[in-house]
There are 2 protein chains.
Amino acid sequence: MATIRDLARRCGVSVATVSRVFNNPDAVTRETREAVLRAAALLGYTPSAPARTLATKRSCMVGLAWDTGHRGPGWRHPFLQELLVGLKTALSERGYHLLMLAAGEDADGHLRAVRRHSLDGVVFIDDGTADPALTRLAESGVPCVSLDRPVTGRRATYVTSDNAGGAAAAVRHLHERGRRRIATIAGPGRTHPGAERLAGYRAALAALGLPVREEYVVEGDFYLGGGHAAMRRLLALDERPDAVFAAGDEMAIGAVRAALEAGLDVPGDVAVAGFDDIEPASLVRPALTTVAQDRAGFGAAAAAALISMIDDPDAAAPPPTVLPARLVVRETSGPPRAG
Amino acid sequence: MATIRDLARRCGVSVATVSRVFNNPDAVTRETREAVLRAAALLGYTPSAPARTLATKRSCMVGLAWDTGHRGPGWRHPFLQELLVGLKTALSERGYHLLMLAAGEDADGHLRAVRRHSLDGVVFIDDGTADPALTRLAESGVPCVSLDRPVTGRRATYVTSDNAGGAAAAVRHLHERGRRRIATIAGPGRTHPGAERLAGYRAALAALGLPVREEYVVEGDFYLGGGHAAMRRLLALDERPDAVFAAGDEMAIGAVRAALEAGLDVPGDVAVAGFDDIEPASLVRPALTTVAQDRAGFGAAAAAALISMIDDPDAAAPPPTVLPARLVVRETSGPPRAG
DNA sequence: GATTTATCTGTAACCGGTTACATGAAACCG
DNA sequence: CGGTTTCATGTAACCGGTTACAGATAAATC
C-alpha cells in the first residue's frame, strides 16, 4: 500500500505538498500537482480513511440507526430498499458513506458508536414510536435526521410524508366516488404516521361537512390481522360504513378480505383505500386504491438535511421536510360516480 | 473525548498498560485493570476506531457491495430487509460493522474502498449475474462472500439456497397433486438461481419418469410481465400444460393472472407454483404455493463464512453454504389428489 | 536596489491508538 | 545465596494522514 510518504519521496517533494495536492490543489503549482497525481496513479495510491479521520475528526461516514422500535422484531419498513438506495446515492454523491449501526443494546449505544467512529451524523429509521436512543443523540448535538418521526434538538430534524394530506386526499376521493359513511382503520396513535393520517381523515371529513362518528374510528396495528379484525367490528355496526380508509395497505388488504368473507362486494358494498402503496397493493384483486409516498425522495431528503447540518456546524437544523403523498386510484375505491 | 493518555495519567500508569487492559486484560494485574476500567467508566472513555484501525490494519468493518447488476436499476432483492437484519445481527455479535459501499462506478471502485477503509471483507448482494467488480475483488485476496452467485478465489465463497432442490420439491408436489403436464417458466439463464431452478425442474421430471418437453420450458425475466407473457405462450400450445412451476413468485403471479384472463380456473385447469415466497404470495387470491428460503439464514451464513476467513488469514475459503428451501403449500397448486 | 508582498514548499508536531523491546522486581532453582 | 525465570509495566517508534508555522523564492512596489 503506497502512502503519502512514498509519493513524496518519489516526486522529491514533502508530504505536506502531497497532502495539499489532494485537499487543496490550488495551493500547489500545476507541474508539482500533475507529477504527484501521475505518481499516485502509477502506484495505485489510495488515501487512508482512518488516518484522515484521526487527523481531522471527520469520518465522512454517517451512521444508520435502524431499530425495530416498539412494534417488535416483526416490524418491516414498507420500503427500506428504495430508502437505502436514495440515501446511499445522495450520500455518496457528496463523498459520504453509510455505516450500519448495531441495533439497540442500551440507549447510549448509538452515541458511543458515533464517538468511536467519529461519525459525522446519523439517520434514524424506525417504526415511528418514541425511542430514547434518538432523543439522547439529538440532545447531544450530533447531526440527526429521523424518518417519519418528529425530533427536537439543535441539530436534529426529520423527513416525513404529507401523511395528513394524503389521508385527506384518500377520504376526499372516496367522497367523490359517492361514499358518505366513511370510516377509518387508524394506525397506532403513538406512531407519527398513525396520528397524522387520522388527523387527515378527521380534517377531510370536517372540510366536506361530514360528521366524524367516533364509532367509525377504530385503531389497528398496521398489520393484516389488525385490519381484518377492525373491519369486522366496522361491519358489525348498525349503520355499516360504505367506505373505509385504512391507514396502511396491509390493514387495507385485511379489511378487503374481511369484507369479502362477510359476503360483501368490494367496492360495490364497501369501498376501501389504503396508504403506502406496498408491492402487493397492485397485485391483489381487486387492486388497492392507496396513497403512494415519494420513496426515493425520503433518502435523498434525509441525506440533504444531514449534509447541510454537517457542512455548517453552527447552523440551526433545517426545518422538517414534508414529502408529497400521491393518491393512486385502483379498483377498491369503485368506479367514478358509483354509489 | 477522553483518550488513552488521559486514562494513563489519571491512573498513574503508562499508555501501554491502558491499551493492554482493553486488548489483553490478562496481561495486567487485577488492581491495575480495575482502576483503569473505573477511570474509563468515569470519563466515558470510548476507544477510537480509526486510531485502532490505523495501528492494526484491521477495521472490524465489512463492506456491503450492493449493486443492481445487469437486471437494471429496477431490480429489487426479494428480501433485502431480512437479509440485512441477519447480516447485521451476526456481524455485530462478533464486533463487526457493515459499511455500505457506494454503487458501481468502475470495477475497481470496491477494491479501492476496501483499501481506503481497511475493510476486513466484503459481502456482495446483486442479482446473480456476473459482475466484474466481484471477480476483481475475489482475485485480489480480500475475503468475499457473495449471495446467490458462485465465485472462485482463494478467499471467496458464497451462500445460496438449495434452488435445484426447492424447484424439484415444487415439481414433485405438482406431480403428487395429480398433474402430469408440468411446464416451467424459468428465470434468466445467466443468473445462478435461474439456472439452478431450471436444473431442479429437469431433474425432478427425470426422477418422476416424465419426459422434458422443450416447448414446456420458456424463459421469463423474474418479473410480473415476463411471467404473464410466458404463460400466454404456454397456454397457446396444442397440448396445454396442467401445471406450471415458475422460478419466481412475481412470474408466478403474472402466470396466474394470465390464466384467469384466459378464462381458466386456477388451480382447477392449471396449477401454479412459484419460488421465493415474497410478501404478496400469501396475499393474492388464490394464494400462491411457493418455495420459501431461509431469509435470516442468508445473512447469518454470510457473516459466519466471512468471519471464518477473517479470523484465519491463511485458511482456504469455506465451501459454499447451501441453505434449505422449503415448500409452502397454499392454494394455487390445488387440493390433494385433485386432477 | 531595497523593501514589501505573494506564492509555493518544507519541517515537525499531532491525531489516538498498538506493540516490540527493555527494565525491574519478585519468584524459583539447585 | 547467586543466577535464571517469570511477570507486570514502561519507553518509544510507528500507523498514515493534516496543518500551523517558518523559510525560500519570485514578483510587486517605491
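Owing to the predicted nature of the structure, the values given are computational and were not obtained by experimental measurement. Scope of the values below: all heavy atoms of this structure, side chains included, with no hydrogens, waters or symmetry mates. Throughout, protein chains are lettered first and strands after them, A, B, ... in sequence-line order, and every chain is numbered starting at 1.
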- Look at the rings of B:His117 and A:His97 and say which category their plane angle falls in: under 30° parallel, 30 to 60° tilted, over 60° perpendicular. perpendicular
- Item | Test item: B:Val159 and B:Leu323 side chains (from C-beta on) under 4.5 Å apart, heavy atoms | yes
- Message: Strictly below 4.0 Å: does A:Thr29 bring a side-chain N or O up to OP1 or OP2 of C:dT7?
- Response: no
- Message: If you count every heavy atom of other residues, nucleotides or ligands that lies below 6.0 Å from B:Arg116 atom CZ, does the total exceed 12?
- Response: yes
- Is there side-chain contact between A:Trp66 and A:Phe124, with at least one heavy-atom pair below 4.5 Å? no
- Query: What are the two closest heavy atoms between A:Ser118 and A:Ser59, and how far apart are they?
  - Reply: O-OG, 2.7 Å
- Message: Expressed as a whole number of angstroms, how long is the span from A:Arg30:CZ to C:dT7:P?
- Response: 17 Å
- Message: Please encode protein proximity along nucleotides 10-22 of chain D as a string of B, S and -, counting only heavy-atom distances under 4.0 Å.
- Response: BBB--BBBBB---
- Message: If you compare every side-chain N and O of B:Thr32 against the phosphate oxygens of D:dT9 (OP1, OP2), does one of them come in below 4.0 Å?
- Response: yes
- The residue among B:Val18, B:Val36, B:Val21, B:Val13 that forms side-chain contact (heavy atoms from CB on, under 4.5 Å) with B:Val28 is B:Val21
- Task: Would you classify B:Thr53 as touching base, sugar-phosphate or nothing, given that sugar-phosphate means primed atoms plus P, OP1 and OP2, and contacts are heavy atoms under 4.0 Å?
- Result: nothing
- Message: Using five base pairs at each end to define the local axes, how bent is the helix from C:dG1-D:dC30 to C:dG30-D:dC1, to the nearest 10°?
- Response: 40°
- Task: Look at A:Arg20 together with A:Asp26 and state whether they make a salt bridge at an N to O cut-off of under 4.0 Å.
- Result: no
- Item | side-chain contact (heavy atoms from CB on, under 4.5 Å) partner of B:Leu64, the single match among B:Ile125, B:Leu99, B:Leu101, B:Leu91 | B:Ile125
